[in-house]
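Reading through the structure tokens given below for one structure.
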Amino acid sequence: MIDIKILREEPDRVRKAIADKGNDCDLDAILEMDIKRRKLIASVEQLRAQQKSVNSEMAALQKGSPEFIAKIEEMRGVAAEVKQGDTALKDLEETWEEMILTVPNIAHDTVPVAPDPSGNVVDLTWGDAASASPHAKAHYDADIFNELSDFPRGVKVTGAGWPFFKGGMARLIRSLINFYLDEARDAGYEELMAPLVVNEASARATGQLPDKEGQMYVIPQEGFYMIPTSEVPVTNFYRDEILEADDLPVFRACYTPCFRREAGSYGKDVRGLNRTHQFDKVELVKWVHPDESYNELESLKSHAETLLQKLQLPYRVLLMCSGDLGFTQTKKYDLEVWAAGQERWLEVSSCSNFEAFQARRANIRYRAKGEKPVHVHTLNGSGLAVPRVLAAILENNLQEDGRVKIPEVLVPYFGQEYLG
RNA sequence: GGAGAGAUGGCUGAGUGGUCGAAAGCAACGGUUUGCUAAAUCGUCGUACCCCACAAGGGUACCGCGGGUUCGAAUCCCGCUCUCUCCGCCA
């Protein structure tokens, strides 16, 4: 949620931000509604004040006395007016709330302004794509992948995009998760285990609702949603809370499977590990002091990078342009790993700063001693997603004999130097 | 899943229709006093929104959440959620 004060005081800045993001919300209508809303609040509150003062006079009167009865008569009309005003105000607040939720967050000054993904800037490329195995193959064409995964049975048991993984592949997935979590802990992130389903209030606070309900699996009987990322339960951990300033920053790391409907996806994007309805991911979330959020974004991104470096996987970092920035983000880096077999870059992490946008909606604040509560800044990033990193390992490290060389840092976790 | 009890401010806990945003205590913060500590004592001590210049000041709302009754609701009625106790079931 945008800061209403910024909206009132710097409408032109917001207007530009909306245009830069390619969003089309009607700012003038919102500002007009704001004025209308405040007028109505003022008039209803004035009526209530009158009601209140007469009520305390009545408290001092003899019940049933002529004066008392006269007051009741007098206040009957005011009571009706208040009720009417309240109803009108409730309606108005509801529409206004909906409207203000359509205003996107304002991109940071350092974000390139461009309408579409072609405006994203390659910030850096690490490693040498040519260093990949000369035998690289798309993972879904490699024998070892087809031996150790079972898509047809996944279709039988659940549906398309819900694969089984077997033996060494399953163990390799587990190795990656453990590697990610251990690295996160060393970097100061406290590990969290989270619920895999959340209620509506949580989905709303992190912005999955309204609008993106189509991306989530729903459990209608309970009104629950299966999490599309652990960002949802983890960010909501502090929903409606006030943290001590001294406790900031707070870093958390959380491994969960993630569930996404991915409606409308097709073609090579969804082959093999590239996109499945359920996938594993370690998510990193930060709650920080507003002055620090951009430094924290850099360190978040750097941490995710070191994971790929340690895995010896070539990758690049994209600074996302305004048009490719999400609704809630002020600045975002995407990390893409090089998959030598498919000869394409696969997104494995997305590191974003939300400033106070998410915190405002989730009502997460901090308080310095003797000060008023202030919204924290929140950030999150994957550290990292599993399947696409796995795909890159399978492709880049595929040997002539069909085995896959396990990255050195994973050997202690995996227990063997080769898969297969 | 069945039966019962409950939900009040940072915490404990009073309050069953009217000057209650809410007693009291604790904790916290500021001052005074005492040689230090401890104690005593005085004061401050919630959040959001609205008016106003986001100041001073004024106002409204909030006693789990949502409705209702009433001139007036923490207090009465209805629905929901959550917590606790007992029973059942269960990894």
Side-chain angles (χ1 to χ4, degrees), chain A residues 1-11 13-14 30-101 193 195-205 209 219-225 233 236-248 290 356-357 359-376:
Chain A
M1 194 162 78
I2 193 89
D3 187 346
I4 180 67
K5 277 187 201 142
I6 293 177
L7 209 92
R8 285 177 194 150
E9 286 162 21
E10 303 171 79
R13 190 172 148 225
V14 179
I30 294 169
L31 286 168
E32 208 175 294
M33 191 60 123
D34 183 43
I35 292 169
K36 227 167 123 184
R37 172 181 151 267
R38 289 197 284 171
K39 263 196 192 133
L40 190 55
I41 289 174
S43 75
V44 170
E45 289 192 349
Q46 200 189 336
L47 278 173
R48 272 228 194 78
Q50 187 196 344
Q51 204 177 22
K52 241 180 123 167
S53 83
V54 174
N55 280 341
S56 41
E57 285 171 35
M58 285 173 76
L61 288 173
Q62 180 82 34
K63 247 177 227 166
S65 65
E67 301 97 304
F68 190 87
I69 289 165
K71 291 274 186 205
I72 289 182
E73 286 307 318
E74 181 192 334
M75 293 320 287
R76 217 161 252 164
V78 178
E81 256 183 282
V82 167
K83 191 165 272 184
Q84 203 177 16
D86 259 346
T87 315
L89 186 58
K90 221 187 117 192
D91 282 357
L92 213 138
E93 291 273 19
E94 214 166 279
T95 0
W96 186 76
E97 186 86 5
E98 269 167 39
M99 285 173 105
I100 196 157
L101 286 179
M193 271 274 195
L196 304 185
V197 295
V198 295
N199 59 28
E200 191 186 321
S202 296
R204 203 163 272 283
L209 296 177
I219 302 171
Q221 209 171 4
E222 311 287 344
F224 290 161
Y225 296 86
N236 274 283
F237 186 83
Y238 288 122
R239 173 153 56 84
D240 295 326
E241 293 192 30
I242 299 172
L243 306 172
E244 294 293 333
D246 293 345
D247 293 340
L248 297 180
F357 197 84
R360 212 171 286 119
R361 194 150 165 183
N363 194 26
I364 304 169
R365 294 169 290 171
Y366 75 96
R367 175 173 17 217
K369 257 193 177 24
E371 303 281 321
K372 286 266 169 200
V374 178
H375 289 108
V376 298

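Here the structure is a predicted model, which means the values were calculated and not measured. We name chains A, B, ... by the order of the sequence lines, and we start the count at 1 in each one.
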Have a look at Val82(A) and tell me which of Gln50(A), Glu45(A), Arg48(A) forms a side chain to side chain contact (heavy atoms under 4.5 Å, CB included) with it.
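The side chain to side chain contact (heavy atoms under 4.5 Å, CB included) with Val82(A) is passed solely by Arg48(A) among Gln50(A), Glu45(A), Arg48(A).
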
Only distances under 3.5 Å count here; give the side-chain donor-acceptor pairs of residues 359-368 of chain A to other protein atoms, sequence neighbours excluded, each with its distance to 0.1 Å.
from: Arg360(A); atom 1: NH1; to: Met1(A); atom 2: O; distance (Å): 2.4
from: Arg361(A); atom 1: NE; to: Arg204(A); atom 2: O; distance (Å): 2.9
from: Arg361(A); atom 1: NH2; to: Arg204(A); atom 2: O; distance (Å): 3.2
from: Arg361(A); atom 1: NH2; to: Leu209(A); atom 2: O; distance (Å): 2.7
from: Asn363(A); atom 1: OD1; to: Arg365(A); atom 2: NE; distance (Å): 3.4
from: Asn363(A); atom 1: ND2; to: Asp240(A); atom 2: OD1; distance (Å): 3.2
from: Tyr366(A); atom 1: OH; to: His289(A); atom 2: NE2; distance (Å): 3.2

Value rounded to 0.5 Å, distance of CG in Asn55(A) from CE in Met58(A):
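It is 6.0 Å, given to the nearest 0.5 Å.
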
Nearest 0.5 angstrom please: Leu40(A) CG to Asp86(A) CG, how far?
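Separation between the atoms: 9.0 Å.
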
Could you give the start and end, 5' to 3', of the contact zone on RNA chain B for chain A, using atoms under 4.0 Å from its heavy atoms?
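The protein-touched segment is rG18(B) to rG72(B).
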
Rounding to an integer number of angstrom, what distance separates [N] and [M] when you compare their [atom1] atoms?
N: rU16(B); M: rC20(B); atom1: C1'; value: 13 Å
N: rC11(B); M: rU70(B); atom1: C1'; value: 35 Å
N: rG25(B); M: rC84(B); atom1: C1'; value: 25 Å
N: rG9(B); M: rA28(B); atom1: C1'; value: 14 Å
N: rG6(B); M: rG13(B); atom1: P; value: 14 Å
N: rU60(B); M: rC82(B); atom1: P; value: 35 Å
N: rU47(B); M: rA39(B); atom1: C1'; value: 35 Å
N: rG64(B); M: rA5(B); atom1: C1'; value: 16 Å

Looking at residues at least two apart in the chain, or sitting in another chain, which of them share a salt bridge (charged side-chain N to carboxylate O under 4.0 Å, His left out) with Arg239(A)?
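Arg239(A) satisfies salt bridge (charged side-chain N to carboxylate O under 4.0 Å, His left out) with no residue once adjacent residues are dropped.
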
Opposite nucleotide pairing with [N], Watson-Crick or G-U, both atom distances under 3.5 Å:
N: rA28(B); value: rU44(B)
N: rU34(B); value: none
N: rA3(B); value: rU85(B)
N: rA91(B); value: none
N: rA53(B); value: none
N: rA14(B); value: none
N: rA73(B); value: none

Across the strands shown, which category fits Ala60(A) at heavy-atom distances under 4.0 angstrom: base, sugar-phosphate, nothing?
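Base: the residue Ala60(A), judged by heavy atoms under 4.0 Å, touches a nucleobase.
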
Would you mind classifying the nucleic acid contact of Lys39(A) as base, sugar-phosphate or nothing, using non-hydrogen atoms under 4.0 angstrom?
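Lys39(A): no heavy atom of the nucleic acid under 4.0 Å.
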
Restricting to pairs with a member in residues 88-101 of chain A, which pass side-chain hydrogen bond (donor to acceptor under 3.5 Å, both in side chains), not counting sequence neighbours?
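Passing the test, one end in residues 88-101 of chain A: Arg37(A)-Glu93(A).
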
RNA chain B: 5'-proximal contact among Arg38(A) and Gln51(A) (nearest heavy atom):
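Nearest-nucleotide comparison on RNA chain B picks Arg38(A).
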
Between Arg48(A) and Glu73(A), name the one whose nearest nucleotide on RNA chain B is closer to the 5' end.
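Checking each residue's closest nucleotide, the 5'-ward one belongs to Arg48(A).
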
Under 3.5 Å, side-chain donor or acceptor atoms of residues 66-75 of chain A against the rest of the protein: list the pairs with distances, not counting sequence neighbours.
from: Lys71(A); atom 1: NZ; to: Glu57(A); atom 2: OE1; distance (Å): 3.0
from: Glu73(A); atom 1: OE2; to: Arg76(A); atom 2: NH1; distance (Å): 3.0

Can you list, pair by pair, the side-chain donor-acceptor contacts under 3.5 Å of residues 2-11 of chain A, counting residues two or more places apart and other chains?
from: Asp3(A); atom 1: OD1; to: Lys5(A); atom 2: N; distance (Å): 3.0
from: Arg8(A); atom 1: NE; to: Asp34(A); atom 2: OD2; distance (Å): 2.7
from: Arg8(A); atom 1: NH2; to: Asp34(A); atom 2: OD1; distance (Å): 3.3
from: Glu10(A); atom 1: OE1; to: Arg13(A); atom 2: NH1; distance (Å): 3.3
from: Glu10(A); atom 1: OE2; to: Arg13(A); atom 2: NH1; distance (Å): 3.3

